[in-house]
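I have placed the structure first, in the form of C-alpha cells, so that the comments after it can refer back to it.
What you are looking at is a predicted structure, and each value in this text was computed from that prediction instead of being measured. Quick note: numbers below take in every heavy atom, side chains included, and nothing from hydrogens, waters or symmetry partners. Naming convention: chains lettered A, B, ... in sequence-line order (proteins, then strands); numbering from 1 in each chain.
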Amino acid sequence: MIRDARVLQPDFVPREVEHREEAVDALSNALAPVARGEPAETALLFGPSGAGKTCIAQYTVERLREEVLDVVTQYVNCWQNYSRFRALYRILEGVGRTVDVHRQSTPKDELLERLADYEGPPYVVVLDEVDQLEDTRILYDLYRTQGLSMVCIANRETDLFAGLDDRLASRLHSAVRVQFDKYGVEALTDILEARVEWGLEADVDREALAFVADAAAGDARVAIGILRSAAREADRAGADRLTRERFEDAIPEGRKAVRRASLDRLTPHQRTLYDVIAECGEIDPGELYGQYQERVEEPRTRRTVRNYLAKMVQYDLVVASGENRGRTYRLADGT
DNA sequence: GGTCCACAGGAAAGATAGGGTC
DNA sequence: GACCCTATCTTTCCTGTGGACC
C-alpha cells in the first residue's frame, strides 16, 4: 500500500506543485536577482493555514538552488524560534557561523554582528509564521543586512503589520506580496491524486479523493492527514484499495493529527487551560482561572495565565471573544 | 455621574537555568 | 566550585477600559 511514506508527511516538498503556478512565478521573480549575485526583493506570503504557503516557499527556494550555484538558503520557523536570539541563531546556523555560539552566554548583539560580517554568497532566509516573532525589530536588522534576502510567511497581512514599527512597515509596503486563498475541492483533489500516485500502490478513485478534499474544507494539511491516516489503516488491514468508507473513518484521526501537532507545543499549564476550555465550551476568565487553580499543584499567577491564553489565541487554538468584563474563551473552530 | 470590580496588557524586576571563565 | 553573563520565564505593579450598581 505505502510505497513512499515521505510524500504523506506534512512537511514534504513535491517535485511538481499543483495549482500554485502564479504564486511560484511571483516568488521566483522576486528571487531572480539572486542569480545575478544581487539581493532579492523581500517577499511576503499571506494566506490561511493549509493553503500551501510554506510548501511553495520551500519549493521555489529549492528550484533556485538548482539554478544558481552560489546561493545559501535557510528555513526558520518563527513559532519554534520566536525569540530574537533563537531566530538569529537559526539564521546564523544557515551560514555555519554558530560554531562557538552558546545558547545561554552569547549576547544577541554579537549574533547580529556576525551576520553583518557575513560575506558569502547571496543568502535567502524563509521566515515562516513570522507574525509569531516576539520582537519584530529583528526583521529591520535582517532587512538592512547586506546580501540577505527575506521571504516572510504569515496568515494575515494585518497580523504582521500590526506588530511592526512605522519605519519597517513603510519599507515592507514595497515588498512583493503573494496572496494564497484556500484550495478549492478540485485543486485539493488534484493534490491528493498526485500524492497517491507518488507514494501509494493503491486503487483510489477520484470521487473518493474529492470527498476527502471536501471534508478538509480547503486545508491541504488536513486533507493529507486524512489520506495518511486512511493509508496507514488500509496498510494494517492488508487492503489494496482506498474506498470512500475508509476515508470517512479516517477523517477524525486525520483532523486530530493536525490538532495534535499544535497541542504538542503547549506546556502542561497551558494544556490544563486548554482542557478546561474544552470541557466548558465557553468560559469567562474568572471561572477559567478558578478551575485551573483546582487542577494544578502550583498554579501560575493570573497575569501569567493571561499570557498563556494570549499565546494560545495566537496559535489559533483558542478564540477570545468580547472585551474587558465581557471576555470569554472557547476553542477555535476545528479544534 | 460616581464608584466598584473584573479584565487586558505593558513595563520592569526577580527567579531560574545553562554555559563560560578563572 | 564560585562567580559571571545571558536568555527565558514568571511575578509584581500599574494603567486603561467598560459593565454593573447605587
Inset, instruction - Just jot down the salt bridge (Lys or Arg N to Asp or Glu O under 4.0 Å) partners of A:R221, sequence neighbours excluded, or say none. - result: A:D219
Legend entry - DNA chain B contacts made by residues 281-293 of chain A, counting heavy atoms under 4.0 Å: A:D284, A:P285, A:G286
Legend entry - Enclosure of A:D240 CG (heavy-atom neighbours >12, cutoff 6.0 Å): no
Inset, instruction - With the side chain of A:F85 defined as its heavy atoms from C-beta on, choose the nearest nucleotide among C:dT11, C:dT17, C:dA7. - result: C:dA7
Legend entry - Pairs touching residues 19-35 of chain A that satisfy side-chain hydrogen bond (donor to acceptor under 3.5 Å, both in side chains), sequence neighbours left out: A:H19-A:D190
Inset, instruction - Write out all pairs satisfying salt bridge (Lys or Arg N to Asp or Glu O under 4.0 Å) with one or both partners inside residues 317-328 of chain A, taking only residues at least two apart or from two chains. - result: none
Inset, instruction - Return the value, rounded to whole Å, for the distance between atom CG of A:N81 and atom P of C:dA7. - result: 15 Å
Atom pairs, N/O to N/O, protein against nucleotides 2-5 of chain B, distance under 3.5 Å?
| from | atom 1 | to | atom 2 | distance (Å) |
| --- | --- | --- | --- | --- |
| B:dC5 | O2 | A:R325 | NH1 | 2.9 |

Legend entry - side chain to side chain donor-acceptor pair (under 3.5 Å) involving A:T328 - partner list, sequence neighbours excluded: A:E282
Inset, instruction - Figure out the CG/P separation between A:N324 and C:dT15, and round it to whole Å. - result: 17 Å
Detail all sub-3.5 Å separations between protein N/O atoms and N/O atoms belonging to nucleotides 9-12 of chain B.
| from | atom 1 | to | atom 2 | distance (Å) |
| --- | --- | --- | --- | --- |
| B:dG9 | N7 | A:R303 | NE | 3.4 |
| B:dG9 | N7 | A:R306 | NE | 3.1 |
| B:dG9 | N7 | A:R306 | NH2 | 3.2 |
| B:dG9 | O6 | A:R306 | NH2 | 2.8 |
| B:dG10 | N7 | A:R303 | NH2 | 2.8 |
| B:dG10 | O6 | A:R303 | NE | 2.8 |

Legend entry - Pairs flagged by side-chain hydrogen bond (donor to acceptor under 3.5 Å, both in side chains) wherever residues 180-189 of chain A is involved - sequence neighbours left out: A:E186-A:R206
Legend entry - ring pair (Phe, Tyr, Trp, His ring centres under 6.0 Å): pairs with one or both residues in residues 121-145 of chain A, sequence neighbours excluded: A:Y118-A:Y123
Legend entry - Rounded interatomic separation in angstrom, taking NE2 from A:H269 and P from C:dC9: 13 Å
Inset, instruction - Answer yes or no: does a side-chain N or O of A:R86 lie under 4.0 Å from OP1 or OP2 of C:dT8? - result: yes
Legend entry - Proximal nucleotide (of C:dT10, C:dT11, C:dA7) relative to the A:T301 side chain: C:dT11
Inset, instruction - Just jot down the salt bridge (Lys or Arg N to Asp or Glu O under 4.0 Å) partners of A:E129, sequence neighbours excluded, or say none. - result: none
Inset, instruction - Considering just the side-chain nitrogens and oxygens of A:Y82, establish if one lies under 4.0 Å of OP1 or OP2 belonging to C:dC9. - result: yes
Inset, instruction - Report the distance from atom CD of A:E323 to atom C1' of C:dA20, rounded to the nearest whole Å. - result: 18 Å
Legend entry - Gap between atoms NZ and C1', on A:K311 and C:dT10 respectively (whole Å): 15 Å
Legend entry - Under-4.0 Å side-chain N/O to phosphate OP1/OP2 contact, A:Y308 with C:dC9: no
Inset, instruction - Verify the contact: side-chain N or O of A:S83 to OP1 or OP2 of C:dA7, cut-off strictly under 4.0 Å; return yes or no. - result: no
Legend entry - A:R306: salt bridge (Lys or Arg N to Asp or Glu O under 4.0 Å) partners, not counting sequence neighbours: none
Inset, instruction - Please name all residues satisfying salt bridge (Lys or Arg N to Asp or Glu O under 4.0 Å) with A:R260, sequence neighbours left out, ordered by chain then number. - result: A:E253
Inset, instruction - For atom CD of A:E66, decide whether the heavy atoms of other residues, nucleotides or ligands shown that lie under 6.0 angstrom number more than 12. - result: yes
